[in-house]
Amino acid sequence: MGIAEKNGCRDMDGTMIRFLSDEDFYARMLRLMLSDEAFDKLGGEIERGEAEAAFETAHMLKGVILNCGITPMAELIVPIVESLRVGDAQSPRGAYKELMSERDRFSRLL
């Protein structure tokens, strides 16, 4: 059982199909995803109240997170995307902090 599975990722079979069942490739892509500058960009956009820009960034991150099969982070980014979709840049602030904590937790595990 890999790090992702041990930490709440629920569909590693489906995820590994997307990564050609290559665990090394998956690990490299996971590290890249966790270090993506878009996480910090999203925080700045939320802080500045730039709902439209933040939506675009959050939506992109949602896709990457879901492709990597990181369920705990997906459960945090989805409500952020939905709040931003309707122009609410205030509500996601707490969830963004939780998302960053979860990202940092996964990063430490690698």
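This chain uses plain numbering: 1 for the first residue, then up along the sequence. For the numbers below, each heavy atom of this structure counts, side chains included, while hydrogens, waters and symmetry mates do not.
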According to ring-ring contact (aromatic ring centres under 6.0 Å, His included), does anything in residues 75-104 pair up with another residue at least two apart or in another chain? List the pairs.
none

Using 0.5 Å steps for rounding, measure from the CG atom of Asp104 to the CG atom of Leu109.
11.0 Å

Just so I know, are the side chains of Leu99 and Phe39 near enough to count as touching, which here means a heavy-atom distance under 4.5 Å?
yes

Looking at every non-hydrogen atom in both residues, tell me the closest pair between Asn67 and Phe19 and how far apart they are.
O-CE1, 3.2 Å

What verdict does the side-chain contact (heavy atoms from CB on, under 4.5 Å) test give for Met33 and Phe106, after you've listed the backbone C-alpha separation in whole Å, the side-chain angles of each residue and the deciding distance to 0.1 Å?
CA-CA 11 Å; Met33 183 274 293; Phe106 265 94; over 6 Å; no

Residue pairs, two or more places apart or on separate chains, that pass ring-ring contact (aromatic ring centres under 6.0 Å, His included) and touch residues 75-95
none

Closest approach of Thr15 and Cys68, non-hydrogen atoms and distance?
CG2-O, 3.5 Å

How long is the gap from OG1 on Thr71 to CD on Glu102, to the nearest 0.5 Å?
10.0 Å

Supply the atom-to-atom distance Arg103 CZ to Ile77 CD1, rounded to the nearest 0.5 angstrom.
11.5 Å

Just jot down the side chain to side chain contact (heavy atoms under 4.5 Å, CB included) partners of Ser83, sequence neighbours excluded, or say none.
Asp88, Ser91, Pro92

Answer yes or no: is there a donor N or O on one side and an acceptor on the other, between the side chain of Ser21 and the main chain of Ile17, under 3.5 Å?
no

Which residues pass the side chain to side chain contact (heavy atoms under 4.5 Å, CB included) test with Glu47, sequence neighbours left out?
Arg93

For residues Leu76 and Ala95, report the shortest heavy-atom separation together with the two atoms involved.
O-CB, 4.4 Å

Contacts of type salt bridge (Lys or Arg N to Asp or Glu O under 4.0 Å), residue Arg28, not counting sequence neighbours
none

Could you name each residue pair satisfying side-chain hydrogen bond (donor to acceptor under 3.5 Å, both in side chains) that touches residues 57-66, not counting sequence neighbours?
Glu45-Thr57

Show the nearest heavy-atom pair for residues Ser107 and Leu34, with the distance to one decimal.
OG-CB, 3.6 Å

Test salt bridge (Lys or Arg N to Asp or Glu O under 4.0 Å) applied to Arg48 - qualifying residues, sequence neighbours left out
Glu50

Rounded to the nearest 0.5 Å, how far does CE of Met29 lie from CG of Leu32?
4.5 Å

Partners meeting side chain to side chain contact (heavy atoms under 4.5 Å, CB included) with Arg31 (sequence neighbours left out)
Ala27, Leu110

Calculate, to the nearest 0.5 Å, the distance between atoms CZ and CE belonging to Arg105 and Met73 respectively.
10.0 Å

For Arg18 versus Leu66, what's the shortest heavy-atom pair and its separation?
NH2-O, 3.3 Å

Distance col, row Lys41:NZ vs Glu56:CD, nearest 0.5 angstrom, shows 9.0 Å

Give me the atom names and distance for the closest heavy-atom approach of Ile46 to Ala54.
CG1-CB, 4.1 Å

Residues at least two apart in sequence or cross-chain that pass side chain to side chain contact (heavy atoms under 4.5 Å, CB included) with Ser35, listed by chain then number, are none

Are any non-hydrogen side-chain atoms of Val78 and Ile65 less than 4.5 angstrom apart?
no

Which pairs with one or both residues in residues 63-85 pass salt bridge (Lys or Arg N to Asp or Glu O under 4.0 Å), sequence neighbours excluded?
Arg10-Glu75, Glu82-Arg85

